[in-house]
Structures are given as structure tokens and as C-alpha cells.
Amino acid sequence: MNLKKILLLNILLTSFTFSHASETLNPIVVSNSISPIDIHSSPASMEVFTASDIEERGFTDTLELLRSISSINVTTNGGIGQLTSIFTRGTESNHTKIILDGVELNPGTIALAPIQNISISSIDRIEIIKGSSSALHGARTIGGIINIKMKENSNSLTMSAGSWSTNSTSLTQSFNVNGLKINLNANRTESKSIPSRDTANRRHAYNTENISLGLSKEINDYVFNAKLYNSRGNTQYDNYGFGNRNQNHDDYFYNFGLKKFINDDIFEMKIIGSQNRILQGTVNDFTDTLRDIYDFSYTNVGSNIIQKIGVTYTKEHMSELNFGGGGIYESRYTAQHNNKEYFYQSELSYPSYRINYGLRHTDHSRSGHFNSGNFGLSFLSGNDVYSFNLTKSYRPADATDLYATDRAREGAPRSGNAAHKPEESFSYELGVKRYVNENTFIRGTAFKTRIKNLIEADENSQIYISDALITGLEMRVQTNIHPFKYDIGYTYMIPRDTKNNQPLTKRAKHKLNADLIYKINQNSDFRFNILGVGTVKASSIRDINLGSYYIANANYRKKLDQGTISLSMKNIFDRPYRTTHLYPTLDRSVFVTYSYDY
């Protein structure tokens with residue numbers, strides 16, 4: 001059976017079957033299950049943004065898109081291209097797994113996944129899974145998954161220019177040569193940006209160049225595919241008032257895959273190699289993660305059940321060199337971890353309920369053995385869905401947590417500790433989803449996550465161990481009443497460090513995002529957005545809070561015969577705000593984007 005037939009079968013097994021379901025309000029998601037499932041039916045909480053949504057809302061980068069989700073807090077250390085942290089449902093910034101075209105971007109060191117370097121113009125689809133999916137996706141999913149798929153079968157040229165001398169050009173091109181599908185994505189973004197610290201007196205520029213090549217060929221019952229990706233660039237940052245320092249990133253991955261269809265079943269093999277590297281050329285600092293992954297799985301498709309079993313072997317090589325003042329190194333290590341993982345996932349689909357459950361056993365060369373898994377249940381009753389999701393997940397201590405010798409001068413303590421245990425989480429959520437009518441979709445989810453052995457670091461880079469309890473309520477209302485679209489999301493959350501009896505830093509208790517989209521005519525629309533964020537604790541060791549704020553954004557889009565043109569204004573009222581202590585954010589800015597489809 002060919003791939004299209006398999007996917008159609010899976011969708012028929014899992015799609016919600018009443019007439020009000022639509023791709024606009026109820027899109028199909030592929031990240032959180034073996035087979036595609038719609039948001040309404042799924043036991044898990046999910047969000048989807050397509051290329052069309054991105055264009056309609058005028059998002060100029062991936063971080064702006066993620067900020068529009070009420071249960072995600074995004075912080076940056078300054079302006080465009082600076083270090084970015086993503087906190088999903090109050091969990092840590094390294095608890096959300098970032099996946100680009102099937103490859104994890106999270107490094108094995110202190111560095112964070114470089115999501116700020118991904119061009120939003122090259123994105124076909126982003127799926128955000130809130131809450132762990134450990135059976136299918138393994139470790140580092142305590143907070144959730146952000147699955148990004150780049151454009152395929154598209155021919156377009158996109159150019160954008162705006163404030164802070166920010167310019168971006170993206171090209172997507174597809175070919176079909178005797179059944180060999182070829183997809184090319186290329187992008188360059190540059191910006192003079194703003195000073196990255198409150199005390200800096202110089203602007204800190206940023207640039208990145210990304211290119212990816214995808215190949216796919218179907219021969220009888222076989223599908224061969226390959227993806228090559230490279231991202232290089234430079235980010236300047238403040239050297240504590242002594243000029244600018246340059247930080248270069250050099251990331252790549254390759255992903256070779258083979259699928260064999262055996263009647264209704266699928267055997268799949270993947271070979272993945274990746275590099276995440278940051279270089280500070282002025283002092284020869286670096287942090288580096290190299291991975292080799294071998295993944296084998298078999299999927300059995302039954303009449304009402306789909307089962308997947310697999311094994312994954314990962315070899316990680318991590319190294320770091322960080323010099324301090326006077327050329328004396330502060331941190332230096334080299335480490336290698338080997339991981340073997342065995343997993344099973346099962347999904348049952350019936351007219352009145354959906355069940356998914358899975359288990360994963362990890363044999364980590366440094367952290368030992370660990371079992372994780374998930375169980376989800378949805379009851380479908382008319383226009384209503386009542387869901388329950390239970391997950392157990394973990395994150396092994398990264399190499400910096402274990403081996404860093406930060407500030408390891410005479411008599412000073414080491415910040416790394418080879419005795420660190422893995423972080424463990426146990427979470428559950430209860431959800432209600434309802435179609436009020438064919439144009440209005442309402443969702444509400446109560447969630448609770450408990451984390452032990454939480455590895456935290458203060459602003460002095462000193463690591464300490466804590467426990468956390470995060471409880472919250474997330475709501476979203478979407479309605480289409482021509483010529484208006486309304487989309488309102490709100491999250492109330494209490495992220496607590498239970499060992500030190502204080503809030504976790506950089507997570508807001510309240511967050512609201514409200515969109516109003518007015519369709520002026522068949523070829524043009526206008527979007528007005530309000531983002532409101534409550535007070536957050538800025539430091540784990542000092543009594544410093546970042547005040548609440550709101551910002552307003554607007555976007556006008558005009559469809560042309562072969563493309564679109566958009567005018568976006570960010571922070572219309574020029575409101576001052578901070579997401580990280582001592583680091584400024586962008587004030588009022590304007591961007592113009594032109595996309596030509598051919």
C-alpha cells in the first residue's frame with residue numbers, strides 16, 4: 001500500500017466525524033500520535049499554525065508566533081537574534097523539544113535550541129504540543145514539543161524590510177524530475193538591531209544564512225527521502241561595556257530515511273547526524289554538540305488500532321571551552337554519552353472515544369535506566385469532547401550540568417556536578433472542547449506538572465537543585481463571523497519552586513492574547529492584536545520582579561495576482577517592557593513584506 005493510502009486510512013480512523021469540523025478551526029496534527037488526529041478529538045492540548053496563518057497574522061519571526069500562545073512565555077537577552085528561552089506551561093527552557101523536519105535541535109550542553117535562527121518565511125507548518133509525549137519523542141519533552149516543517153512543493157520569493165535595518169530574503173523552490181521530488185529552501189536575515197543590554201552604548205547586529213535541500217523518491221513499496229540543512233551566522237553581544245563581542249553559530253543536520261510498505265504495515269529506518277556549535281571568535285570560546293542517531297521502527301495498521309514499536313540508538317559528543325578574565329579558563333570539558341531507547345505506542349479509534357498509550361525505556365550511559373510513558377483518553381459526545389492525559393517524562397542532566405568547571409579557580413566551587421540525577425516529571429491534564437456552532441470552537445484545559453531534581457542556575461551561573469509544582473488553567477475561544485475572526489487565549493498559571501517556596505523565574509501568572517481579523521474584501525484583511533503579560537519574578541536569588549505589560553500589534557495584508565504584500569506594525573503604542581532583567585526589548589517598529597508566488 002502506498003503512502004497516500006496509508007495516511008488517508010489513518011485520517012479516517014482518527015478524524016472527528018461531525019460536520020462542523022474544519023481545517024481552519026480544527027486542523028489535523030501529526031506530531032503527537034502515530035497517525036494524524038484532529039485537535040478536537042485529541043486527548044492532548046495542541047496548536048497549529050500553517051503558512052497561511054503566518055501570512056494572515058503578519059508574524060515576522062518564529063518568536064512572535066510562539067508569544068501568541070497564552071501558555072508559552074518567550075524571553076530574549078536583548079534584541080533580534082539574541083539568546084532565546086521558551087517556557088511551555090511553566091516548565092524550564094530546556095524542557096521543550098524543538099524539532100525541525102524530523103531532527104531535534106536541542107543541544108546536549110548549556111546552549112538552547114537556536115529557534116531564533118529559523119526563517120518564518122520558510123515554514124510550512126508549526127505544531128505545538130503542550131505537555132509531554134515521552135513515548136514517541138523521548139527525553140526533553142517535559143514541557144512539550146514544537147514541531148516545525150519547512151515548505152515543500154512551493155515556489156516563492158519573499159522579501160522583508162523594516163526597523164533596525166532589518167532585512168530578510170527567502171527562496172523556496174521545488175522540482176519533480178522523473179518522480180524525484182526536490183525541495184530547496186534558502187534564507188538570509190540581517191539586522192543592526194538594538195543594544196543588547198541596558199548598560200550598552202552600541203547596537204548589536206545579527207545575521208544568519210540558512211539553506212536546506214530535501215529529496216524524496218517513491219519506488220513501488222519503498223519511499224526514500226533525505227534532508228540536508230545548514231545554518232550559519234553571527235550575533236553580537238555586549239562585553240560589559242568594553243565593546244562588542246561576536247558569537248558565531250554553525251549548525252547542520254542530515255536525515256536519511258527509508259520506508260517500506262508491507263501490506264498495511266510500515267517499516268521505517270532513519271539515520272541522522274547533527275551539529276550544534278557556538279563559537280566566540282574573540283576569545284576562542286565554544287560549545288559543541290555532535291549527534292549520530294539510528295532509528296528503526298515498525299508500524300502495524302489494524303481496523304481500529306495502530307501500533308508502533310521501535311528502537312533508537314544515539315551517540316552524543318559534547319565539549320565546551322569558556323575562558324574568563326586574563327585568559328584563565330572558567331569551564332572546559334569533553335564528554336560522550338551513548339543512549340539506547342526502546343518504545344511502544346498504541347492508538348485506538350472508535351466513534352465515541354479515542355485512546356493512546358505508550359512506554360519508552362531508556363538506557364543512558366551516564367544517567368542509567370529510566371521508564372517514561374503517556375496515557376490519553378478522549379470521550380466524544382455530540383459536539384463535545386472530554387479528555388484526560390497522563391504523562392511521565394524526564395530530562396537527563398546535560399553535559400554542562402554535569403561537567404562544567406565554571407569559575408573553577410583556586411578555592412572556587414565547580415558549577416557542574418557529575419552526581420546530578422535526571423530531572424523527572426509527572427503531569428496530567430483535564431480538557432473540555434466544544435463546538436458551539438459550525439463557526440465557534442471553545443477549549444479549556446486544567447493542567448498540573450510536578451518536577452523533581454530540577455536543575456536550575458542563578459544569574460551567577462551557580463547551579464542548584466530544586467523541585468517544582470506547576471498548576472494552571474488554559475482557555476481559548478475561536479469564532480468566525482463574517483467578516484470578522486476572533487481568537488482569544490488566556491492562561492492562569494502558578495509555577496512554584498517548592499523547595500525554596502518562591503515562584504519560578506520568567507513565567508507569568510497571567511497571560512492574554514487576543515486577535516481580531518477583519519476581512520475587508522476578497523483580497524485584503526486587517527489584523528489587530530493585543531498581548532498582555534502579568535508580573536514575573538526576574539531572579540531566583542534577588543527580590544526583583546518584571547512588571548506587567550501589554551503591547552498592541554497590527555497587520556494589513558493585500559493579495560496580489562501572484563503573491564501578497566503586508567504592512568506590519570509592532571508595539572504600536574511604544575510600550576516599554578522587559579522579558580529578562582537588564583535586557584531591553586524592541587520598541588515601536590514597522591515591517592513591509594512582499595511575497596511573489598510563481
Tyr298/Phe267 under ring pair (Phe, Tyr, Trp, His ring centres under 6.0 Å): CA gap, chis, key distance, verdict:
CA-CA 5 Å; Tyr298 188 88; Phe267 169 76; 7.1 Å; no

Under a 4.5 Å cut-off applied to non-hydrogen side-chain atoms, are Thr166 and Phe591 in contact?
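Touching, per the 4.5 Å side-chain cut-off.
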
Is the backbone of [Y] close enough, under 3.5 Å, to the side chain of [X] for a donor and an acceptor to pair up by distance?
X      : Y      : value
Asn276 : Leu290 : no
Asp124 : Glu152 : no
Ser42  : Ile39  : no
Thr109 : Ala399 : no
Thr289 : Gly108 : yes
Arg507 : Gly90  : yes
Ser367 : His364 : no
Thr172 : Ser156 : yes
Asn210 : Asn117 : yes
Glu347 : Ile34  : yes

Would [X] and [Y] pass as an ion pair if we require N to O under 4.0 Å?
X      : Y      : answer
Asp295 : Lys270 : no
Glu218 : Lys181 : no
Arg527 : Glu56  : no

Stepwise, does the ring pair (Phe, Tyr, Trp, His ring centres under 6.0 Å) test hold for Phe256 with Tyr254?
CA-CA 7 Å; Phe256 299 114; Tyr254 59 82; 5.4 Å; yes

Do Thr299 and Gln307 have side-chain atoms, one donor and one acceptor, less than 3.5 Å apart?
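No - no donor-acceptor pair under 3.5 Å links their side chains.
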
Residues forming a salt bridge (Lys or Arg N to Asp or Glu O under 4.0 Å) with Arg188, sequence neighbours excluded
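Once residues adjacent in sequence are excluded, the partners of Arg188 under the salt bridge (Lys or Arg N to Asp or Glu O under 4.0 Å) criterion are Glu190, Glu209.
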
Report the residues that fulfil salt bridge (Lys or Arg N to Asp or Glu O under 4.0 Å) with Arg57, sequence neighbours left out, ordered by chain and then residue number.
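So Arg57 forms a salt bridge (Lys or Arg N to Asp or Glu O under 4.0 Å) with Asp487, Asp515.
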
Would you sort out whether Phe343 and Lys308 count as a side chain to side chain contact (heavy atoms under 4.5 Å, CB included), showing the intermediate values?
CA-CA 8 Å; Phe343 66 90; Lys308 185 173 184 177; 4.2 Å; yes

Measure the CD1-CG distance between Ile182 and Leu215 for me, rounded to the nearest 0.5 Å.
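One finds 6.0 Å between CD1 of Ile182 and CG of Leu215.
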
Evaluation steps, side chain to side chain contact (heavy atoms under 4.5 Å, CB included), between Asp288 and His317
CA-CA 8 Å; Asp288 194 11; His317 178 89; 5.6 Å; no

Taking the six-membered ring for Trp, are Tyr403 and Tyr333 parallel (under 30°), tilted (30 to 60°) or perpendicular (over 60°)?
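Answer is tilted, since the angle falls between 30° and 60°.
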
Using the six-membered ring wherever Trp is involved, compare the ring planes of Tyr357 and Tyr344 and label them parallel, tilted or perpendicular (cut-offs 30° and 60°).
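Tilted, since the angle between the ring planes falls between 30° and 60°.
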
Residue of the set Glu47, Glu474, Glu429 for which salt bridge (charged side-chain N to carboxylate O under 4.0 Å, His left out) holds with Arg443:
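That would be Glu47.
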
Are there over 12 heavy-atom neighbours, none belonging to Lys217, within less than 6.0 Å of that residue's NZ?
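Result for NZ/Lys217: enclosed.
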
Check against side chain to side chain contact (heavy atoms under 4.5 Å, CB included), Gln275 and Phe253
CA-CA 6 Å; Gln275 171 183 280; Phe253 68 73; over 6 Å; no

Kindly indicate whether a cation-pi arrangement holds for Arg89 with Phe447, taking the cut-offs as under 6.0 Å to the six-membered ring centre and within 45° of the axis.
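Pair Arg89/Phe447 counts as cation-pi.
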
